Amino acid sequence: MSFFLRRVASTPSAKATLEDAIASSPGTAADRNNGPLAPSALAKSNSSIHSNMTTSSMTTTATDSTAGNSSFSPSSSPSPKLNGGGLHLNIPKSPNGSALDLRRGAFRRTYSSNSIKKKTVEVTPSSFVKIRLLGKGDVGKVYLVRQKDTDRLYAMKVLSKKEMIKRNKIKRAFAEQEILATSNHPFIVTLYHSFQSEDYLYLCMEYCMGGEFFRALQTRPGKYLQEEDAKFYAAEVIAALEYLHLMGFIYRDLKPENILLHQTGHIMLTDFDLSKQSSPAGEPTVVKNGSPSMPPAIDTKSCIANLRTNSFVGTEEYIAPEVIKGTGHTSAVDWWTLGILMYEMLFGVTPFKGKDRNATFHSILHTDVQFPDHPGAQQVSSLCKSVIRKLLIKDDQLRLGSKAGASDVKSHPFFKTTNWALLRHLPPPIIPQPSFGADAINFRAMQESVSLDIEGEELVLQHPGAKNLFANFSSVTLHHDGDDE
Ligand SMILES: Nc1ncnc2c1ncn2[C@@H]1O[C@H](COP(=O)(O)OP(=O)(O)OP(=O)(O)O)[C@@H](O)[C@H]1O
């Protein structure tokens, strides 16, 4: 049994799960997490996760078992360029070298369902050189790496099999691989290779040079965004959620820490290990809009209509009421978390945060959202308050998005001015300055620099047949149309 509620720390380096919170004494958890889990919540947390472990027949085990000790070596002078899929060394410069040129290069890819080609994996750990640590999760680490033969930069997530076994997180890794390998969307991080060695699983992803949106938010004056800027990011998140729902996935872990900034400034959702797949995904249907001037929209709710799950997952301040109650939850949890995210983007705090976890949960269940009115607090429009209130309706059957999914949310008057079709071509409010890896912004300060030291001990396979647990992990290389242009 394990607990699936994760906590998020406001301090740079701390990011862990509630398992850690429970194991450690109250008070060690940072800002968003105080005190022990409510007994009712603990009871709920015992419900298990049932991620689908859909796998590919193309399974290969990489031969390098040292997981980076020798395969990844330090590189002191990356000189990147942008081109197609990975962040490439030697930037093709335009006459004025403008950011717009970088944006164009980054969106040459084709985002259609048949534009991904899955092949037997073409790389091993020794194909990459490690540049630096980008982030840490509880079962692995994410490194900035350079592929030796192409000089392209990638973000490499390295997951320890031993930790996954210990923390019962194998299904989550499979779920994440499955979602990343199937997704092809401009606002969802791209997977290029997945493979394994004796001790580790590797996910080689597009490197998001802008780092965490959470960090970018922290650097804004007052730690919040203007309404129009928040609307921009909300719209991109809605587009990504719409796509995930269409594919039959509920994301379940939306929060600023899981939104990365692409070098163009557009968002990229990452970290899909809490996502849940409907099996099989339902067929999307068409909803007619009230206004004859509006084109018909897709009902994404129908794609996941049959998916109701009881797992107690999420992040404390973002968790939806129905998850706390354990009455089963649907894709409506993603619309709840969008409401919390919009509030946090606008006011720099989440709406239901209490003095400890029980108080937060109590507030999530029973308190109506309040908007700050103290002097100096950002004032937002009534349409903005309206959309947040509707996303934060406690009853998931009445919540905005519960009828036809994303199209309900997109047709709220707050988004009337949003040009949905052109989102990825609009200039984002924050454009990361090209820093090309070595000094990338918005990443937590990492002490560790060069050695890929995934806490050294050898994998202890106490679990009978433990080696076979990972046999079905898909080792593939994914080619996307337009990547190599
Ligand atoms: N594609 C990427 N580009 C740049 N940085 C990334 C990328 N993917 C992850 N990171 C960095 O690594 C951190 C950890 O990544 P992620 O949350 O996916 O790991 P995890 O092991 O799943 O963590 P968790 O325990 O939260 O599930 C991120 O917060 C981010 O800072």
Side-chain angles (χ1 to χ4, degrees), residues 10 98-100 102-103 106-107 185-189 208-242 254-270 317-318 334-351 369 371-374 376-392 400 406 409-435 440-443:
S10 60
S98 69
L100 188 64
L102 301 185
R103 276 200 291 279
F107 285 126
H185 191 273
F187 305 142
I188 293 175
V189 79
C208 299
M209 192 205 73
E212 293 178 11
F213 179 61
F214 176 66
R215 295 275 124 205
L217 212 50
Q218 301 296 304
T219 60
R220 307 302 281 181
K223 299 183 181 173
Y224 61 76
L225 298 173
Q226 300 300 311
E227 187 172 319
E228 280 307 303
D229 295 347
K231 187 191 287 187
F232 176 92
Y233 292 115
E236 294 204 333
V237 168
I238 292 165
L241 291 176
E242 177 176 45
L254 182 65
K255 56 183 176 184
E257 292 83 344
N258 285 343
I259 300 173
L260 300 177
L261 292 180
H262 191 261
Q263 66 261 26
T264 55
H266 289 275
I267 67 138
M268 295 223 130
L269 287 194
T270 185
E317 289 166 48
Y318 274 74
D334 285 340
W335 302 122
W336 171 275
T337 53
L338 174 69
I340 306 278
L341 176 75
M342 288 182 70
Y343 191 102
E344 185 166 10
M345 285 194 286
L346 289 162
F347 304 110
V349 288
T350 55
V369 59
F371 294 95
D373 53 6
H374 58 266
Q378 163 148 253
Q379 296 305 308
V380 299
S381 68
S382 51
L383 281 179
C384 181
K385 289 181 187 168
S386 157
V387 74
I388 292 175
R389 277 201 192 96
K390 288 183 174 172
L391 289 166
L392 295 180
L400 187 63
V409 185
K410 288 161 84 174
S411 55
H412 187 282
F414 176 66
F415 291 108
K416 200 173 170 198
T417 54
T418 300
N419 190 337
W420 296 98
L422 287 182
L423 269 185
R424 71 191 176 99
H425 300 287
L426 298 175
I430 305 170
I431 310 273
Q433 292 308 304
S435 56
I441 55 168
N442 296 328
F443 287 101

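As the structure is a computational prediction, the values presented were derived from the model and not from experiment.
To the nearest 0.5 Å, atom CG of residue D334 and atom CG of residue L341 are 11.5 Å apart. The CZ atom of F213 lies 5.0 Å from the CG atom of L217; values are rounded to the nearest 0.5 Å. One finds the CE atom of M268 at 12.5 Å from the CD1 atom of I259 (value rounded to the nearest 0.5 Å). Atom-to-atom distance recorded for E317:CD and E344:CD is 7.0 Å, nearest 0.5 angstrom. Here the CG-OH distance, from L338 to Y318, works out to 9.5 Å after rounding to the nearest 0.5 Å. Taken from CG in L269 to CD1 in I188, the straight-line distance is 6.0 Å, to the nearest 0.5 Å.
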| field | Chi angles and distances behind the side-chain contact (heavy atoms from CB on, under 4.5 Å) call for W335, L254 | value | CA-CA 9 Å; W335 302 122; L254 182 65; over 6 Å; no

| said: Checking I430 against Y233 for the side-chain contact (heavy atoms from CB on, under 4.5 Å) test, could you report, in this order, the C-alpha distance in whole Å, the side-chain angles of both residues, the deciding distance, and whether it holds? | reply: CA-CA 10 Å; I430 305 170; Y233 292 115; 3.4 Å; yes

| task | Determine, stepwise, if the pair L392 / W336 fulfils side-chain contact (heavy atoms from CB on, under 4.5 Å). | result | CA-CA 5 Å; L392 295 180; W336 171 275; 3.8 Å; yes

| query | Stepwise, does the side-chain hydrogen bond (donor to acceptor under 3.5 Å, both in side chains) test hold for T264 with H262? | reply | CA-CA 5 Å; T264 55; H262 191 261; 2.9 Å; yes

| field | Audit row: L260, E212, side-chain contact (heavy atoms from CB on, under 4.5 Å) steps and yes/no | value | CA-CA 4 Å; L260 300 177; E212 293 178 11; 3.9 Å; yes

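For T418, the side-chain contact (heavy atoms from CB on, under 4.5 Å) partners at least two apart in sequence or on another chain are K231, A235, F415, W420, L423. Applying the ring pair (Phe, Tyr, Trp, His ring centres under 6.0 Å) test to Y224 and every residue at least two apart in sequence or in another chain returns nothing. A search for side-chain contact (heavy atoms from CB on, under 4.5 Å) contacts involving D373 returns nothing, not counting sequence neighbours. Y343 is linked by a ring pair (Phe, Tyr, Trp, His ring centres under 6.0 Å) to F347, F371, counting only residues two or more places apart in sequence or in another chain.
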Show which side-chain atoms of residues 377-389 pair as donor or acceptor with protein atoms under 3.5 Å away, not counting sequence neighbours.
{"residue": "Q378", "atom": "NE2", "partner": "L225", "partner atom": "O", "Å": "2.7"}
{"residue": "Q378", "atom": "NE2", "partner": "L346", "partner atom": "O", "Å": "2.8"}
{"residue": "Q379", "atom": "NE2", "partner": "A377", "partner atom": "O", "Å": "3.3"}
{"residue": "S381", "atom": "OG", "partner": "E227", "partner atom": "OE2", "Å": "2.6"}
{"residue": "S381", "atom": "OG", "partner": "C384", "partner atom": "N", "Å": "3.1"}
{"residue": "S386", "atom": "OG", "partner": "H412", "partner atom": "NE2", "Å": "2.9"}

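Considering only heavy atoms from C-beta on, I340 comes within 4.5 Å of P351 through its side chain.
At least one donor-acceptor pair closer than 3.5 Å links the side chain of E236 to the backbone N or O of I267. H266 contributes a side-chain N or O that, together with a main-chain N or O of L426, makes up a donor-acceptor pair within less than 3.5 Å.
When all heavy atoms of A234 and M345 are compared, the pair lying nearest together is N-CE, 4.0 Å. Shown here for F232 and P429, the closest heavy-atom pair between the two residues is CD2-CD, 3.4 Å.
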